[in-house]
Amino acid sequence: MHNVDLHCPIEINAKTLIYIKKPSKECTLNHDRSNGWEAVAREFMAARSDIGSSVVRQWARSLPARAEVVDIGCGSGAPMAIALAEEGCSVFGIDASPTLLAAFRQRLPAASAACETVQDSSFFGRKFDGALAVGLIFLLSEREQRELILRVANALHTGARFLFSAPREPSAWNDLQTGQPSRSLGEQHYLRLLAEAGFTLLTVHVDEGGNHYFDAVLYDGCT
């Protein structure tokens, strides 16, 4: 356990205040590894809704009992990691924003957490029953997206599931909060990348906000 100091409280909604702790040494660098998310972390937490959590709950119920799930780009833990934990999963969170990860640790004290970029993460040096990446993959370059899918395959048991969100159509835009470029490779391209990594796409879920979630199973993982 790292020694921490409290910062000012952040109002998440009209009824909830959380105190963000000073980042631990593992997160303290002179440059932002979070691709702009650390700078907008407080605004992101205040604006984050529960949209998509019903999809994650449904997905979690399809996993084995007490499934171990890595949440890649976990943010503050709300709402996705909380949904996983409430469905009985053992949660492991990865995020490069010190502020968001501090909130994750407060909300989910029993969860394991690592302050790492997804590009450099060791995924805790172990294998999981499931992997979740909501609002993440399209923030990466095409090369990084391919590499992430391959690395996720290496971090999963055979038969494990991978759920990630991305628009079904190829598209490019600038993220509204960070201004950083975002790109969806499109369903057909993701199908090829998943197959290359040993995944088979089971279905594509749609949440109440019209966001798409690719739900794949690992049948022949990378070695």
Side-chain angles (χ1 to χ4, degrees), residues 23 27 29 31-49 51-53 55-56 59 69-81 84 92-104 113-123 130-155 162-194 196-197 199 204-207 209-216:
C27 289
L29 291 176
H31 62 282
D32 178 18
R33 303 187 302 163
S34 70
N35 202 28
W37 286 98
E38 175 62 15
V40 300
R42 289 168 172 77
E43 292 86 349
F44 173 74
M45 285 190 286
R48 187 66 170 97
S49 73
I51 288 177
S53 60
V55 171
V56 171
W59 177 77
V69 179
V70 59
D71 186 353
I72 308 166
C74 62
S76 69
M80 304 308 182
L84 290 174
F92 296 72
I94 297 168
D95 204 278
S97 164
T99 298
L100 293 177
L101 200 70
F104 176 93
C115 191
E116 300 172 327
T117 66
V118 297
Q119 296 93 331
D120 298 328
S121 177
S122 66
F123 295 116
L132 179 69
V134 174
L136 169 74
I137 196 165
F138 48 76
L139 300 174
L140 308 176
S141 69
E142 180 176 344
R143 176 184 59 81
E144 289 171 332
Q145 292 189 47
R146 176 181 179 273
E147 290 174 352
L148 177 62
I149 291 172
L150 289 169
R151 293 177 64 237
V152 168
N154 276 320
F162 179 30
L163 184 71
F164 68 93
S165 64
R168 296 184 84 160
E169 298 299 323
S171 52
W173 66 99
N174 288 333
D175 182 82
L176 289 175
Q177 289 182 296
T178 66
Q180 296 293 327
S182 303
R183 62 198 62 77
S184 170
L185 305 182
E187 183 172 0
Q188 294 307 309
H189 198 153
Y190 287 128
L191 280 171
R192 291 193 297 272
L193 295 181
L194 288 167
E196 178 184 333
F199 288 103
V204 179
H205 306 278
V206 183
D207 69 19
N211 303 297
H212 295 90
Y213 299 74
F214 293 80
D215 185 354

Practice task
Look at the aromatic rings of Y190 and F164 and report parallel, tilted or perpendicular, splitting at 30° and 60°.
Solution key: perpendicular
Handout entry: Student check: side-chain heavy atoms of F123 and I72 closer than 4.5 Å
Key = yes
Handout entry: Under 3.5 Å donor-acceptor, D95 side chain and G75 backbone
Key = yes
Problem - Heavy atoms from other residues, nucleotides or ligands near CD of E169 exceed 12 (cutoff 6.0 Å) - result: no
Exercise for the section: Check the pair L132 / V56 against side chain to side chain contact (heavy atoms under 4.5 Å, CB included), numbers first and verdict last. Expected result: CA-CA 9 Å; L132 179 69; V56 171; 4.1 Å; yes
Exercise for the section: Could you tell me which non-hydrogen atom of V134 sits nearest to which non-hydrogen atom of R48, and how far apart they are? Expected result: CG1-NH2, 4.3 Å
Handout entry: Heavy-atom closest contact (G73 atom, V118 atom, distance)
Key = N-CG1, 4.3 Å
Practice task
Working to the nearest 0.5 Å, report the span between CD of E38 and SG of C115.
Solution key: 8.0 Å
Handout entry: Intermediate values then yes/no, side chain to side chain contact (heavy atoms under 4.5 Å, CB included), S122 and E116
Key = CA-CA 9 Å; S122 66; E116 300 172 327; 3.9 Å; yes
Problem - Minimum side-chain heavy-atom gap I94-V70 below 4.5 Å - result: yes
Exercise for the section: Just jot down the side-chain hydrogen bond (donor to acceptor under 3.5 Å, both in side chains) partners of E144, sequence neighbours excluded, or say none. Expected result: Q119, S141
Practice task
Given salt bridge (charged side-chain N to carboxylate O under 4.0 Å, His left out), test E142 with R146 step by step and report yes or no.
Solution key: CA-CA 6 Å; E142 180 176 344; R146 176 181 179 273; over 6 Å; no
Problem - Over all atoms of both residues, closest heavy-atom pair of S184 and A166 - result: OG-CB, 4.2 Å
Problem - S165 side, atom OG; Y213 side, atom OH - distance, nearest 0.5 Å - result: 5.5 Å
Problem - Separation of L139 CG from W37 CH2 (nearest 0.5 Å) - result: 6.0 Å
Exercise for the section: With the side chain counted from C-beta on, respond yes when L185 and Q145 share a heavy-atom pair under 4.5 Å apart, and no when they do not. Expected result: yes
Practice task
Supply the atom-to-atom distance L194 CG to I149 CD1, rounded to the nearest 0.5 angstrom.
Solution key: 5.0 Å
Exercise for the section: Using side-chain contact (heavy atoms from CB on, under 4.5 Å) as the criterion, list what pairs up with P170, not counting sequence neighbours. Expected result: none
Practice task
Specify the closest pair of heavy atoms between A81 and D71, including all atoms of both residues, with the distance to one decimal.
Solution key: CB-OD2, 3.6 Å
Problem - Residues in side-chain contact (heavy atoms from CB on, under 4.5 Å) contact with V206, at least two apart in sequence or another chain - result: H212
Exercise for the section: Starting at CH2 of W173, measure out to OG of S182 and round the result to the nearest 0.5 Å. Expected result: 5.0 Å
Exercise for the section: Please report the shortest heavy-atom distance between L150 and E196, naming the atom on each side. Expected result: CD1-OE2, 4.1 Å
Problem - Closest heavy-atom pair and its distance - M80, I51 - result: CE-O, 3.5 Å
Exercise for the section: Compare all side-chain heavy atoms of F214 with those of I137 and state whether any distance is below 4.5 angstrom. Expected result: no
Completion exercise
Output for pair (F44 CZ, S97 OG), nearest 0.5 Å, gives 9.5 Å
